[in-house]
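The model shown is predicted, which means the values in this text are computed figures rather than measured ones.
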Amino acid sequence: MLLTTMIFAGIAVAIHVYIFVLESLRWDRPSTRRTFGIKTDAEASATKPLAFNQGFYNLFLAVITVAGMALVLASSTTVGATLIFAGAGSMVAAGLVLLLSSPKLARAALFQLTAPALAIIFGLLAFTS
């Protein structure tokens with residue numbers, strides 16, 4: 001179960017680093033604008049500071065999760081599991097907020113929350129046995 005937890009936590013980290021790149025580094029690019037449904041240059045310019053900030057939020061969740069994974073691998077299981085659950089739990093919560101506030105973005109929300117949710121489920125099995 002620990003390996004499965006780490007795999008899904010790692011996938012969640014990769015997704016959130018990817019989101020960071022899109023939101024904080026590539027917001028003005030046409031492909032990113034299409035991904036987020038940004039139709040005009042004016043809309044992209046107006047939302048760029050918000051996206052930049054949101055991207056770093058996603059990066060910090062990934063960093064928390066990676067720190068937890070590293071600590072688990074270094075045999076500091078309690079602290080590591082706590083950080084994995086904090087990072088992945090926040091990823092799931094953010095995905096649920098997106099899903100409930102913007103149902104038309106359900107696909108994006110599910111993409112964002114599925115891997116961390118599975119990391120939590122498998123983590124509960126791995127760390128409580």
Hphob cluster co-occupancy, [X] + [Y], side-chain heavy atoms under 4.5 angstrom:
| X | Y | value |
| --- | --- | --- |
| Phe20 | Val66 | yes |
| Phe56 | Ile19 | no |
| Leu25 | Leu59 | yes |
| Phe52 | Phe60 | yes |
| Phe122 | Leu124 | no |

Do [X] and [Y] come close enough that some side-chain heavy atom pair is under 4.5 Å?
| X | Y | value |
| --- | --- | --- |
| Phe8 | Thr114 | no |
| Gln112 | His16 | yes |
| Phe127 | Thr5 | yes |
| Ser31 | Arg26 | yes |
| Ile84 | Met69 | yes |
| Leu113 | Met91 | no |

All side-chain contact (heavy atoms from CB on, under 4.5 Å) counterparts of Leu73, not counting sequence neighbours: Met6
With sequence neighbours excluded, residues passing side-chain contact (heavy atoms from CB on, under 4.5 Å) with Val92: Leu96, Pro116, Ala117, Ile120
Nearest 0.5 Å, what's the [atom1]-[atom2] distance between [X] and [Y]?
| X | Y | atom1 | atom2 | answer |
| --- | --- | --- | --- | --- |
| Asp41 | Glu43 | CG | CD | 10.5 Å |
| Leu105 | Leu99 | CG | CG | 9.5 Å |
| Thr128 | Met1 | OG1 | CE | 10.5 Å |
| Ile38 | Thr32 | CD1 | OG1 | 10.0 Å |

Parallel, tilted or perpendicular, as decided by the 30° and 60° cut-offs, for the rings of Phe36 and Trp27: tilted
Nearest heavy atoms of Ile11 and Ala115, plus distance in Å: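 In this case the closest contact between Ile11 and Ala115 is CG2-CB, 3.7 Å.
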Residue pair Ser24 / Ala51: nearest heavy atoms and the distance that separates them: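 Closest pair (atom of Ser24, atom of Ala51, distance): OG-O, 4.0 Å.
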Donor-acceptor pair, side chain of Ser101 and main chain of Val97, under 3.5 angstrom: yes
Side chain to side chain donor-acceptor pair (under 3.5 Å) partners of residues 57-73, not counting sequence neighbours, each pair once: Glu23-Asn58
Lys48/Asp28 ion pair, N-O < 4.0 Å: yes
Inter- and intrachain pairs under ring pair (Phe, Tyr, Trp, His ring centres under 6.0 Å), touching residues 101-120, at least two apart: none
ILVMFWY cluster membership beyond Val79 - transitive side-chain contacts under 4.5 angstrom: Ile64, Leu71, Leu83
Pairing residues for Ser45 by the side chain to side chain donor-acceptor pair (under 3.5 Å) criterion, not counting sequence neighbours: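 Side chain to side chain donor-acceptor pair (under 3.5 Å) list for Ser45, sorted by chain: empty.
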